[in-house]
Amino acid sequence: MIDIKLIREDPELVRENIRKKFQDEKLPLVDRALELDRLNRAAINEASDLRAKRNQLSKKVGMLMGQAKKDPAKAEEAEAVKAQVKADGERLSELEGLEEKYAAELHAVMMKIPQIIDASVPIGPDDSHNVEVQRFGEPAVPDFEIPYHTDIMESFNGIDLDGARRVAGNGFYYLMGDVARLHEAVLAYARDFMIGKGFTYVIPPFMMHGAIVEGVMSQSDMDAMMYKIEGEDLYLIGTSEHSMIGRYIDQILPEASLPHTLTSYSPCFRKEKGAHGVEERGVYRIHQFEKQEMIVVCKPAESMEWYERLWRYSVELFRSMDIPVRQLECCSGDLADLKVKSCDIEAWSPRQQKYFEVCSCSNLGDAQARRLRIRIKGEDGRTYLAHTLNNTCVAPPRMLIAFLENNLSADGSVRIPEVLRPYMGGKERLERCPKV
RNA sequence: GCGGAAGUACCCAAGUGGCCGAAGGGGCUCCCCUGCUAAGGGAGUAGACGUCUAAACCGCGUGCGAGGGUUCAAAUCCCUCCUUCCGCGCCA
């Protein structure tokens, strides 16, 4: 969400930004916003004048009523003033209706106008124009065949998709044995990794109110992603970012307390409508997964610096588990409407011989902060909007695909990288086991 | 979940229809007085949001948990909801 003042002062900049994102159908929204803003302010001004008048006259009634005890003539005068106020009442309630109507419409329009993207974002209509920035580690292709990830998991008796389908349907999983333990090991390792970077570990609510949902994500994302609890104003979180950023709703943070650097764990629930749908056979795109996340709330001037730091943490984390990765920058057309700049960290899949998304790092600028009214109080007493960022540390079980494929040996065993061994009871390898 | 109580500014707290945007106290800030300091005196202390403005000040509007309603006028009356506290119940 952008500032309405920006549209007042420089509508062309906002239009240009919409064009850069290949959303020309939204161009009329700019003029619509200007019009609604004008109407809204006119209504506010007139209503405000009427209220001022009413307040004055009502006080006068009060005074006259007081005097009426000694001088009955004053009572009549009071009645006359009452009638005056009542006369304006109709116009005032009409204006109040208009205020509400215009404000609501304006808000709806403003929610659709995308955040101003950073000047450095590459321009392109869709994800095919995303830009590979840099690779980390050698994308190796072994001389033996790498099975599909669920087959690798099955070779350790580590997954049951059939059972999950019976219980919850497609898009769920049972992880078992060493694979389940590995899943938790990766999360625990990522947690400690971030604690080591000075982040505070947080376990947030896994559900949230509708008002928070609207603040942290766009309407289209909400429809495509969120599960609603029947009969309650509660949604299952799609990522801990939602409840982590939501925590700051209506808060004014002392400047000295910044930056807030948090690493949160949560299960994540997603409908995955649209996108490419839920995968039939595997744990790449599913309705439920777990994630260790990074969250930063900081001063506006520092958000780009944090953005750079955050995605590098992901790279460092994956490299420490011997997984080759690359940084892929999101182009303008692929950037969600709330984001200023974003990149994916993609892990190498030796089986498919291509990179696939495992982390997503975003600088939201003041977009979430404006929607949720997250402000900072400066030393000079002024308040201003914070910036928010988020990034994935690890999101298994998808992340396990990269892990298993890259650490698989010709004999079918999987090497446990040293950093994970303390979380696996010292185990150095996962060995194939007979089918149960 | 049931019963009871309560939500007023940084904190405590008075206020049941009219100069109440809100007494009083504490705290905090500034000033003065006094060399003996768990001292005295004075002043200030809604923040926020909206509007107005080139911007700011000022002004105006909103604001007493939230949202509605009654009224010329609501902290005060009515309705709904939320939160907290105390019992009871249930439960990892």
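Note on naming: letters A, B, ... go to the chains in the order of the sequence lines (proteins, then strands), and numbering restarts at 1 for each one.
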- Message: Could you walk me through whether A/Glu346 and A/Phe356 satisfy the side-chain contact (heavy atoms from CB on, under 4.5 Å) test, starting with their C-alpha distance in whole Å, then the side-chain angles of each, then the deciding distance to 0.1 Å, before giving a yes or no?
- Response: CA-CA 5 Å; A/Glu346 297 194 323; A/Phe356 68 101; 5.8 Å; no

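Between the P atom of B/C81 and the NE2 atom of A/His209 lies a distance of 15 Å, rounded to the nearest Å. When rounded to the nearest whole Å, the span between CG of A/Leu50 and C1' of B/U51 equals 14 Å. What separates CD1 of A/Ile252 from C1' of B/C10 is a distance of 13 Å, to the nearest Å.
Residue A/Arg375 is in sugar-phosphate contact alone, with no base atom involved, counting any heavy-atom pair closer than 4.0 Å across all strands shown.
Residues A/Leu372 and A/Val216 are in side-chain contact: their nearest non-hydrogen atoms beyond the backbone lie under 4.5 Å apart. Counting heavy atoms from C-beta on, the side chains of A/Leu262 and A/Arg247 come closer than 4.5 Å.
A salt bridge links A/Arg19 with A/Glu16; the closest basic N to acidic carboxylate O contact falls under 4.0 Å. Salt-bridge annotation for A/Glu105 and A/Lys101: present, with a side-chain N of the basic residue lying under 4.0 Å from a carboxylate O of the acidic one.
In this pair, A/Tyr313 and A/Phe199 present their aromatic rings perpendicular. The plane angle is above 60°, beyond the 30 to 60° band.
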- Note on the structure: Under the rule of Watson-Crick or G-U wobble with both distances under 3.5 Å, where | means paired to another strand and [ ] a crossing pair, RNA chain B maps to ((((((((.[[[..)..(.....]]]((((((.......))))))..((((.......))))..[[[[[..)....]]]]])))))))....

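Here the separation of B/A14 from B/G65, taken at their P atoms, is 14 Å to the nearest Å. The separation of B/C32 from B/U16, taken at their C1' atoms, amounts to 43 Å, rounded to a whole angstrom.
For the pair A/Lys291 and A/Thr239, the tightest heavy-atom approach, listed with the atom from each and the gap, is NZ-OG1, 2.7 Å.
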- Encode nucleotides 52-77 of chain B as B, S and - characters from 5' to 3', where the letter depends on protein heavy atoms closer than 4.0 Å: B to the base, S only to sugar-phosphate, - to neither. S-------SSS---------BS----

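In this structure, A/Tyr384 has no ring pair (Phe, Tyr, Trp, His ring centres under 6.0 Å) partners at least two apart in sequence or on a different chain. In this structure, A/Tyr148 has no ring pair (Phe, Tyr, Trp, His ring centres under 6.0 Å) partners at least two apart in sequence or on a different chain. For A/Glu428, the salt bridge (Lys or Arg N to Asp or Glu O under 4.0 Å) criterion is met by no residue, not counting sequence neighbours.
Along RNA chain B, the nucleotide closest to A/Lys59 and the one closest to A/Ile44 are compared, and the more 5′ of them pairs with A/Lys59.
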Please list each protein N or O that sits under 3.5 Å from an N or O in nucleotides 7-9 of chain B, with the distance.
none

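Under the side-chain hydrogen bond (donor to acceptor under 3.5 Å, both in side chains) rule, A/Gln368 has a single partner from A/Glu241, A/Gln115, A/His242, A/His387, which is A/Glu241.
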